[in-house]
Trainee: 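Let me begin by handing over the structure; questions about it come next.
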Amino acid sequence: MLNKNYLEISQVGIEFATSGEPFRALQNVNLAIAKGEFISLIGHSGCGKSTVLNIVAGLYNATEGGIILEGREVDEPGPDRAVVFQNHALMPWLTVYQNVELAVKCVFKKTKTKAEIRDWIEHNLSLVHMEHAVHKLPSELSGGMKQRVGIARCLAMQPKVLLMDEPFGALDALTRAHLQDSLMDIQQRLDNTVIMITHDVDEAVLLSDRIVMMTNGPAASIGEVLSIDLPRPRNRVVLADDPAFNHYRQQVLRFLYEKQKNPADKNAVAG
Amino acid sequence: MSATPLTKPVLSKKAQFRELFNVATLRLLMDRAIKMLALPGFGILVFLFLWQLLANNIITSLGQFPGPNQVWEQSKSLVTEHRRERSKETAFYQRQEVRNAKKLADDPSATVKIRSYTGKATFLDQIFTSLLTVAFGFMVATLVAVPLGILCGLSESLYRCINPIIQTFKPVSPLAWLPLVTMVVSALYVSDDPLFDKAFLTSAFTVALCCLWPTVVNTIVGVASIDRDLINVSRVLRLGSLVHIRKVVIPSAIPLIFTGLRLSLATGWMVLIAAEMLAQNPGLGKFIWDEFQNGSSNSLGRIMVAVLVIGIIGFILDSLMLALQKHLSWDKQATLR
């Protein structure tokens with residue numbers, strides 16, 4: 001077995017200051033992730049999935065506990081934990097190439113020559129099949145293409161961990177399926193360690209090695225962890241009729257809709 | 001591996017000609033001509049008509065209020081005066097040269113004096129002075145306002161420190177600043193060989209003080225409202241402060257910075273005329289005041305020429321800023337007004 005504790009989320013809890021009582025978003029979140037593992041975080045809206053991701057990224061600081069990456073604590077953002085944002089977060093004034101270049105120059109300025117940097121940018125754009133649009137501005141691209149560039153930018157940083165905050169949430173179903181396949185393919189080849197937030201049960205089962213299901217907030221924590229032992233490469237069409245796949249799906253659905261009722265529904269009953 | 005831009009197919013000369021004159025293209029051109037020329041032209045004609053109508057009915061102590069016709073006459077005579085003044089100047093220098101050459105020929109050791117011409121500044125000279133003053137004042141204001149705005153936009157604490165000061169000075173009229181600026185410039189700018197005229201500096205600094213604020217305020221808003229995600233990208237990449245400002249903050253805030261700059265320049269131009277009038281500093285404001293004091297039957301017409309010129313110059317300045325903004329802005333699709 002590989003190092004099971006490549007990335008460790010240890011006893012993490014966080015409180016946000018409000019005008020009244022401080023709001024406790026997370027409590028006792030513990031998770032150990034192996035190198036090359038693909039983890040999905042799933043849970044109802046407002047359960048603190050994004051907060052977990054932001055703490056791993058270093059964008060938030062945990063009130064208790066911390067993040068240990070390769071045996072060292074990390075408490076500020078850095079290019080070793082690249083983030084793919086839901087809304088691509090490309091600089092609208094830079095072309096596709098320049099957006100990736102900005103990241104690559106930050107990471108490899110000292111170690112790569114000019115020619116190597118150029119090749120590396122082009123290589124990463126070809127990984128996400130965007131080599132045809134290198135000199136376009138983000139405003140000239142579709143939503144799916146922008147997200148591809150966002151992913152290329154993160155891959156190009158060669159991060160230890162790739163953090164994805166609902167990367168396909170804003171896309172239509174077909175585009176989403178395309179990008180999921182691309183992502184699976186890339187992860188297969190590069191063996192990235194990934195934490196992905198999603199709302200989509202099918203997406204979680206299809207892509208993940210483990211699905212981390214979170215309880216509802218406030219003071220949210222990890223409810224259950226489900227290992228998905230489906231052979232790779234995975235094919236969505238074949239799996240659609242696979243009993244094991246459907247069994248995993250059902251387990252996630254059961255957690256979300258029976259064990260952790262949507263907080264919005266609870267309010268509706270109480271009201 | 002390069003992007004293949006969609007290029008139009010190359011047409012033969014004949015085909016180009018046909019395309020130019022097909023019905024759809026013609027209609028498009030017509031539409032554009034109506035929008036760009038006919039409608040504004042119509043507006044101007046209606047205005048001129050109403051102006052003439054009103055002017056006919058106003059009699060002042062200096063005669064009838066000038067209509068478009070008199071104003072046109074006066075603008076021509078102002079240009080003629082300028083030409084006459086220039087030829088006088090050239091003649092003066094020629095005479096001086098001849099005189100000096102003769103003096104030197106008679107006695108090679110004689111000291112010759114070269115005096116500069118001291119004719120009165122013409123309307124065109126005053127326009128030039130005003131433009132130079134506003135450019136200088138605006139430049140000083142921009143050099144202060146943009147960095148200050150960026151710093152305040154980045155740091156909430158600094159913003160809280162400076163905001164009351166901005167809000168207090170923002171509504172102050174140029175006329176209130178003028179006496180103070182005049183005295184300060186007289187006291188501090190002491191030099192045997194002055195590079196700038198004191199009056200020039202007084203006007204320019206008054207302009208700067210008044211046109212600082214729109215740029216400061218708009219830059220602060222622009223910088224403070226940068227997309228959170230972009231800031232997070234910058235944090236993940238660990239961009240240094242200066243790189244962060246150069247690569248993320250300024251491009252993001254550029255549309256609002258320009259909004260501020262345009263408001264500032266417009267304010268500066270208005271303030272300048274008032275300052276020149278009050279302080280009798282050279283420029284268009286002084287021209288108007290002189291004409292008013294002069295009180296001839298032509299004065300009102302000449303003042304009206306100045307009014308129109310001030311307006312047109314203001315319009316041109318704004319158009320120049322707009323063109324600059326279009327050139328510098330990354331969002332070429334945005335409609336700028």
Side-chain angles (χ1 to χ4, degrees), chain A residues 50 53-54 56-60 76-109 118-119 121-123 125-126 130-140 150 153-154 156-157 159 161-163 165, chain B residues 1-8 146 150 153-154 156-157 160 218-219 221-259 261 324-336:
Chain A
S50 288
L53 201 83
N54 280 324
V56 177
L59 296 169
Y60 291 168
E76 55 174 6
D80 54 345
R81 284 151 289 133
V83 187
V84 177
F85 296 90
Q86 181 172 9
N87 290 313
H88 60 79
L90 300 175
M91 310 286 165
W93 50 87
L94 298 181
T95 63
V96 166
Y97 184 90
Q98 289 166 332
N99 264 292
V100 181
E101 188 186 36
L102 180 65
V104 170
K105 282 205 168 153
C106 283
V107 182
F108 297 111
K109 192 158 196 181
R118 196 186 57 237
D119 289 346
I121 294 166
E122 286 172 355
H123 168 71
L125 283 169
S126 68
M130 283 301 296
E131 60 272 53
H132 61 282
V134 283
H135 298 301
K136 288 207 163 135
L137 287 173
S139 57
E140 300 170 285
R153 175 171 65 185
C154 287
M157 291 151 72
V161 187
L162 186 57
L163 304 171
D165 190 351
Chain B
M1 212 184 76
S2 67
T4 49
L6 285 171
T7 48
K8 278 189 182 165
V146 172
I150 290 175
L154 288 175
E156 166 112 31
S157 324
R160 298 237 173 266
N218 279 285
T219 306
V221 174
V223 171
S225 58
I226 299 174
D227 189 347
R228 225 27 268 160
D229 278 354
L230 298 186
I231 293 176
N232 281 338
V233 169
S234 171
R235 288 179 65 197
V236 167
L237 291 174
R238 287 197 188 144
L239 296 183
S241 317
L242 281 178
V243 182
H244 174 65
I245 289 175
R246 204 156 47 87
K247 298 266 181 176
V248 182
V249 172
I250 290 181
S252 218
I254 221 113
L256 271 170
I257 293 179
F258 262 96
T259 306
L261 288 176
L324 188 64
Q325 178 175 15
K326 275 186 179 151
H327 179 69
L328 287 178
S329 166
W330 42 271
D331 192 356
K332 304 288 180 204
Q333 269 95 42
T335 44
L336 300 171

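Protein chains get the first letters and strands the later ones, always in sequence-line order, with residue 1 at the start of each.
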Trainee: Give the member of B/L237, B/L239, B/V248 that has the highest number of heavy-atom pairs under 4.5 Å with chain A.
Mentor: B/L237
Trainee: Is it the backbone or the side chain of B/V243 that comes under 4.5 Å from a heavy atom of chain A, or both, or neither?
Mentor: neither
Trainee: Less than 4.5 Å to any heavy atom of chain B: does that hold for the side chain of A/Q86, its backbone, both, or neither?
Mentor: neither
Trainee: Let me know if A/L94 has heavy atoms under 4.5 Å from chain B in its side chain, its backbone, both or neither.
Mentor: neither
Trainee: B/I250: what forms a side-chain contact (heavy atoms from CB on, under 4.5 Å) with it, not counting sequence neighbours?
Mentor: B/I150, B/I245, B/I254
Trainee: Quick check: under 4.5 Å, non-hydrogen atoms only, which of residues 221-232 of chain B neighbour chain A?
Mentor: B/D229, B/L230, B/N232
Trainee: So what's closer than 4.5 Å to chain B heavy atoms on A/R153: side chain, backbone, both or neither?
Mentor: side chain
Trainee: Heavy-atom distance under 4.5 Å to chain B: side chain of A/A103, backbone, both or neither?
Mentor: both
Trainee: Within the structure provided, determine whether B/R238 and A/P79 are in side-chain contact (heavy-atom separation under 4.5 Å).
Mentor: yes
